[in-house]
Amino acid sequence: MIPARFEYARASSLDEAISLLSSREDPKLLAGGHSLIPAMKLRVARPATLIDIGRLSDLSYVREDGDAVAIGALTRHHDVANSDALHELSPIASYAAGEIGDPMVRHMGTIGGSVAHGDPAGDMPTVLLALDATFVATGPTGSRQIAAKDFFTSLFETALQPNEVLTEIRVPKTAGRGWSYIKFNRRAQDWAIVGVAALNGSAPAIALTNMGLTPLRATAVETALAGGADAAAAAASAAEGTAPPDDAFASAEYRRELAKVLVRRAIEQSMS
Ligand code: FAD
């Protein structure tokens, strides 16, 4: 389908993007366009103005920064997947970026777009939730940091304010922690029917893709692991507190059973 009529403005700086967000009617930021444009073609999204931030190259970087790795929001999935800093310091993040879609999607889509879109089927939101990442939002009065656990508020909804741009994702270094991201799909390059991110260590972290309105932490599994349960016993509570979708790809019941299997495998992989 053809999108509804819209105005287009290209921002040449972050300040200009923020100012356009405040001055234009019903605006939406355009980054890689790989979620927004399909939604506009389906007329699920009908913004009056598109503010193109896709060429703000100063928001495209991956660099070590203290005890974190800082990733600019405009960094393409391809560059996240191939970042030496992430391979060394937070490898689950670069691995998961390489699992997104196909090469075309990874060369256009951005990590910031993936996070801001708030799709519970997205791979990076789940991994960033497991990592306890921090998101930096910048608006007219400056920047603020939002913890991943407070960021994803509902289906396609986040804690970002309408006049804020997500500018940076801060990923803790995971040195020494075993990890796994398992994405289950029927065809290579499809979205996850269910996905599981696992990080071991003194406080094991398990997060789920496509098991509710937002990416979810599997807190019952984490509590069981912290209490000394083995992978199989802990994974038995993987579906607790979830509300998976029932759609053309899988029933909710199938997803609940699948989550238990994938959580067990992800825990085992993260410990091996
Ligand atoms: P856009 O589409 O430009 O924007 C998405 C939303 O985020 C919009 O509402 C926009 O206003 C907002 N936004 C963008 N950037 C910012 C910012 N910096 N600050 C505030 N708001 C912002 N994703 C997966 O996780 N796994 C997959 O397997 C997968 N497969 C795909 C397959 C296909 C064929 C396609 C088309 C997409 C797929 N995707 C998948 C989605 C892809 O990862 C998108 O790139 C991503 O979801 C959105 O990033 P974007 O840069 O394209 O954002």
Side-chain angles (χ1 to χ4, degrees), residues 31-39 41-42 44 62 71 75-84 86-87 90-131 152 155-156 169 171 174 178-199 206-212 214-216 218 231 235 238-239 242 244-270 272:
H34 269 53
S35 288
L36 182 55
I37 300 294
K41 285 184 170 176
L42 291 169
V44 177
V62 183
I71 309 172
T75 311
R76 312 276 164 186
H77 302 312
H78 172 84
D79 297 323
V80 174
N82 290 287
S83 155
D84 290 339
L86 287 171
H87 285 163
S90 199
I92 189 173
S94 50
Y95 174 81
E99 292 290 290
I100 294 172
D102 55 36
M104 196 172 82
V105 173
R106 293 196 292 275
H107 275 91
M108 286 303 293
T110 65
I111 186 168
S114 222
V115 170
H117 192 51
D119 186 339
D123 298 298
M124 290 316 286
T126 302
V127 168
L128 296 169
L129 183 66
L131 279 165
F152 302 102
L155 190 65
F156 301 116
I169 293 97
V171 173
T174 59
W179 59 273
S180 171
Y181 183 64
I182 300 180
K183 172 177 177 173
F184 186 90
N185 48 18
R186 293 215 177 104
R187 297 175 308 182
Q189 306 179 343
D190 269 355
W191 293 77
I193 291 175
V194 174
V196 178
L199 283 153
I206 311 291
L208 305 171
T209 306
N210 218 1
M211 285 294 288
T214 64
L216 297 173
T242 66
D246 211 333
D247 58 27
F249 299 100
S251 67
E253 187 187 358
Y254 178 86
R255 283 191 165 93
R256 278 191 283 269
E257 289 309 308
L258 182 58
K260 294 177 195 169
V261 175
L262 299 183
V263 165
R264 177 178 54 72
R265 288 184 193 162
I267 295 169
E268 286 168 354
Q269 275 184 17
S270 73
S272 63

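Just so we're clear, the structure is a prediction, and the values are computed from it rather than from any experiment.
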Participant: Starting at OG1 of T126, measure out to CG of L131 and round the result to the nearest 0.5 Å.
Facilitator: 11.0 Å
Participant: To the nearest 0.5 angstrom, please state how far the NE2 atom of H77 sits from the CG atom of D123.
Facilitator: 9.0 Å
Participant: Looking only at heavy atoms, which two atoms of L129 and P215 are closest? And how far apart?
Facilitator: CD2-O, 3.4 Å
Participant: Taking all non-hydrogen atoms of both residues, which atom of G212 and which atom of P120 are closest, and how far apart?
Facilitator: O-CB, 3.3 Å
Participant: Looking at V261, L262, D190, which one forms a side-chain contact (heavy atoms from CB on, under 4.5 Å) with F184?
Facilitator: L262
Participant: Taking all atoms of both residues into account, what is the closest heavy-atom pair of H87 and A81, and its distance?
Facilitator: NE2-O, 2.9 Å
Participant: If you compare all heavy atoms of V62 against all heavy atoms of S83, which two are closest, and at what distance to 0.1 Å?
Facilitator: CG1-OG, 3.3 Å
Participant: Inspect the surroundings of CD in Q189 and state if more than 12 heavy atoms from other residues, nucleotides or ligands are less than 6.0 Å away.
Facilitator: yes
Participant: Quick one: NZ on K260 to CZ on R265, what's the gap to the nearest 0.5 Å?
Facilitator: 14.5 Å
Participant: Salt bridge check: are D79 and R76 linked by an N-O gap of less than 4.0 Å?
Facilitator: no
Participant: Could you tell me if the side chain of P91 sits less than 4.5 Å from the side chain of T174, heavy atoms only?
Facilitator: yes
Participant: Which distance, rounded to the nearest 0.5 Å, do you find between the CD1 of I92 and the OG of S270?
Facilitator: 8.5 Å
Participant: Going by the rule side chain to side chain contact (heavy atoms under 4.5 Å, CB included), which residues pair with T214 if we only count those two or more places apart in sequence or in a different chain?
Facilitator: F152, L216
Participant: Do V194 and P244 come within less than 4.5 Å of each other through their side chains, counting heavy atoms only?
Facilitator: no
Participant: Quick one: which residue pairs count as a salt bridge (Lys or Arg N to Asp or Glu O under 4.0 Å) with a foot in residues 92-121, not counting sequence neighbours?
Facilitator: none
Participant: Closest approach of M124 and A97, non-hydrogen atoms and distance?
Facilitator: SD-N, 3.6 Å
Participant: Under the rule for ring-ring contact (aromatic ring centres under 6.0 Å, His included), what residues qualify as partners of F156, not counting sequence neighbours?
Facilitator: H117
Participant: Please name the residue in the list D247, T242, D246 that meets the side chain to side chain donor-acceptor pair (under 3.5 Å) test with R255.
Facilitator: D247
Participant: Apply ring pair (Phe, Tyr, Trp, His ring centres under 6.0 Å) to residues Y95 and W179 and explain how you reach the verdict.
Facilitator: CA-CA 10 Å; Y95 174 81; W179 59 273; 5.5 Å; yes
Participant: Y181 and T209: side chain to side chain donor-acceptor pair (under 3.5 Å), yes or no, with the steps?
Facilitator: CA-CA 10 Å; Y181 183 64; T209 306; 3.0 Å; yes
Participant: Taking all atoms of both residues into account, what is the closest heavy-atom pair of N210 and A192, and its distance?
Facilitator: ND2-O, 3.0 Å
Participant: With rounding to the nearest 0.5 Å, note down the distance linking OG1 in T110 to CD1 in I71.
Facilitator: 11.5 Å
Participant: Run R256 and E253 through salt bridge (charged side-chain N to carboxylate O under 4.0 Å, His left out) and show every step you take.
Facilitator: CA-CA 5 Å; R256 278 191 283 269; E253 187 187 358; over 6 Å; no
